[in-house]
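Start at 1 and go down the list; that is how both ligands and their atoms are numbered.
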Amino acid sequence: MAELVRTKAEVRARVAAARAAGKSVGLVPTMGALHAGHRRLVERSVAENGYTVVSIFVNPTQFGPAEDSDRYPRQLEADLELIAEAKADLVFAPGVGEVYVMDHSSWVEEARLSEGLCGARRPGHFRGVATICAKLFNIVRPDRAYFGQKDYQQLKIIERVVRDLDLPVEIRAVEIVREADGLALSSRNKYLGPEERRAALAIHRALARGQELILAGQRSPRSVAEAVREELVREGKLQIQYVEVVDAETLEPVAPLEGRTVIAVAVFAGSTRLIDNVVVQCPEAKPRD
Ligand code: AMP
């Protein structure tokens, strides 16, 4: 079993001991309710570092007023088992009071990549995410930190914050882990009823359709987005929040499409919000005769 600690002082002491033993340190930040997607991140860290810390913290500052962090699933016992199987060394599961003092008033705000996609629909969300990640980097001081491409905009924002603020940590991206039928693993999938679960498969189908079009030479982001929407609408039970086809680095629209493009989708299945994406390298334009 990985050791479980609740305080910053304990984390610092354990990490200092690991460093004194000559080990590099990897951090996997999570909100718990762990699944095979998280597990892949932990395994990557364990493979690449002598000492791996997994944090479990449902960060209240990244939830909007209409979203309820108390409703987020919690299952510490099962999480500890998964972490033990993945062979991490330390679990840091602090209470809110250990992380935020009552009159906390300092924030990390990335101002460009946060504007669109989920950022436009969840005001303040990425400020909360960037702030908690910066705090975790300062508490743990890892050499490397691991983030999933599932939350693509989050990954890009954290990379940007680390670059812009010279935070001494290397961000490693881990590809999306999916169920056999294509649904991206998410802690929120457990909220889906059987009908919604079936409907959610349209997300992967829609992204695959968009990818196929780009690979076949479609350069119009609008046409790609329309085809993705069509596939989602055909399902009938999903409510689209957004379908965006944007540059994979700037997260801004490019027309015609070129280079690496991300197709990003957010939908509601009932009251459960699901996000997914695919990164597609546009084929080189054919030289004219
Ligand atoms: P969360 O606990 O949902 O905040 O996620 C913690 C980390 O796990 C984030 O870096 C996520 O991007 C990553 N993650 C969540 N689901 C998946 C997945 N299906 N595949 C890969 N990484 C994931």
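- Using modelled atom types and a 3.5 Å distance limit, the side chains of Gln241 and Arg273 yield a donor-acceptor pair.
- For the residue pair Ser223 and Glu226, no side-chain donor N or O sits within less than 3.5 Å of a side-chain acceptor on the partner.
- The aromatic rings of Phe57 and Tyr100 are tilted relative to each other, their planes meeting at an angle between 30° and 60°.
- Relative to the ring axis of Tyr146, Arg40 does not place its NZ or CZ within 45° and under 6.0 Å from the centre.
- Contact of the Cys118 side chain with the Ile275 side chain is registered, since non-hydrogen atoms from C-beta on lie closer than 4.5 Å.
- For a heavy-atom separation below 4.0 Å, the residues in contact with ligand 1 are Pro29, Thr30, Met31, His35, Gly37, His38, Leu41, Tyr72, Phe147, Gly148, Lys150, Asp151, Gln154, Glu175, Ile176, Val177, Leu185.
- Side-chain atoms of Glu110 come within 3.5 Å of backbone atoms of Ser114 as a donor-acceptor pair (strictly under, hydrogens ignored).
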